[in-house]
Asks: 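My questions will all concern the structure given below.
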Amino acid sequence: MSPRHNRPRGGESPAERPSAGYDRYGLERTEEWQGEEWRVRHVSGASAQGKRYRCPGCDQEIPSGVPHVVAWPDYGGVDDRRHWHKACWNAKDRRTSRVQRSRNAPRH
C-alpha cells in the first residue's frame, strides 16, 4: 500500500488556489432567492447538542446533532438566521409560500 500524499494536485500551491468559501464554522456561500442575496452555511449539527430547530420549509423539527443548513438574508443579523433541512433548502423554490398546519400542530 502506498503512503498517503497530502499534496495539491496540478502543481499549484494552497495560496494560488481559489478559496472554497470555508470559514470558522464550515462552508459558507451566497445564493440569490426571491430577489435577495442570502448567506448559506452548512453545519454538521454536532456543535448544537441539545438544541432543536424548526425548519421553515417543512415546519418539522430538526433534531439535535443532525446536519442542516443555516440561511439568512445578506443584510440580516443573528435574529434573521433560519435553520433548514438540506433538502428543504434545495427545494425552497418548489414549495408554496405558506405551510398549512393541522389543527393539533404545535406553533413554535
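Heavy atoms only: backbone and side chains are in, while hydrogens, waters and symmetry mates are out.
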Asks: So, the side chain of H68 versus the backbone of V66: is there a donor-acceptor pair under 3.5 Å, distance only?
Replies: yes
Asks: Ignoring hydrogens, what is the shortest heavy-atom contact between C88 and G57? Give both atom names and the distance.
Replies: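 Shortest heavy-atom contact: CB-CA, 4.3 Å.
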Asks: What is the distance from atom CZ of R39 to atom OG1 of T30, rounded to the nearest 0.5 Å?
Replies: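 Those atoms lie 3.5 Å apart.
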Asks: Are the side chains of Y53 and R81 in contact, using a 4.5 Å heavy-atom criterion?
Replies: no
Asks: Does a side-chain heavy-atom distance below 4.5 Å link K51 with S64?
Replies: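 A side-chain contact under 4.5 Å is absent here.
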Asks: How far does CD of E31 sit from CG of N90, to the nearest 0.5 angstrom?
Replies: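 Reported to 0.5 Å precision, the distance equals 7.5 Å.
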Asks: Heavy atoms, side chains only, cut-off 4.5 Å: are H42 and E28 in contact?
Replies: no
Asks: Should Y75 and E37 count as side-chain neighbours, where that means a heavy-atom distance under 4.5 Å?
Replies: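 Sidechains of E37 and Y75: no contact.
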Asks: Do C55 and H85 make a side-chain contact, defined as non-hydrogen atoms from C-beta onward lying under 4.5 Å apart?
Replies: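 Counting from C-beta outward, C55 and H85 do come under 4.5 Å.
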Asks: Can you tell me if R54 uses its side chain to pair, donor with acceptor, with the backbone of D59 under 3.5 Å?
Replies: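 Yes; judged by distance alone, with no hydrogens or angles, the pair exists.
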Asks: Any side-chain heavy-atom pair from W84 and K86 closer than 4.5 angstrom?
Replies: no
Asks: For W38 and W33, which heavy atoms make the closest approach, and how far apart are they?
Replies: NE1-O, 3.3 Å
Asks: How many angstroms lie between CH2 in W72 and CZ in R41, if you round to the nearest 0.5 Å?
Replies: 4.0 Å
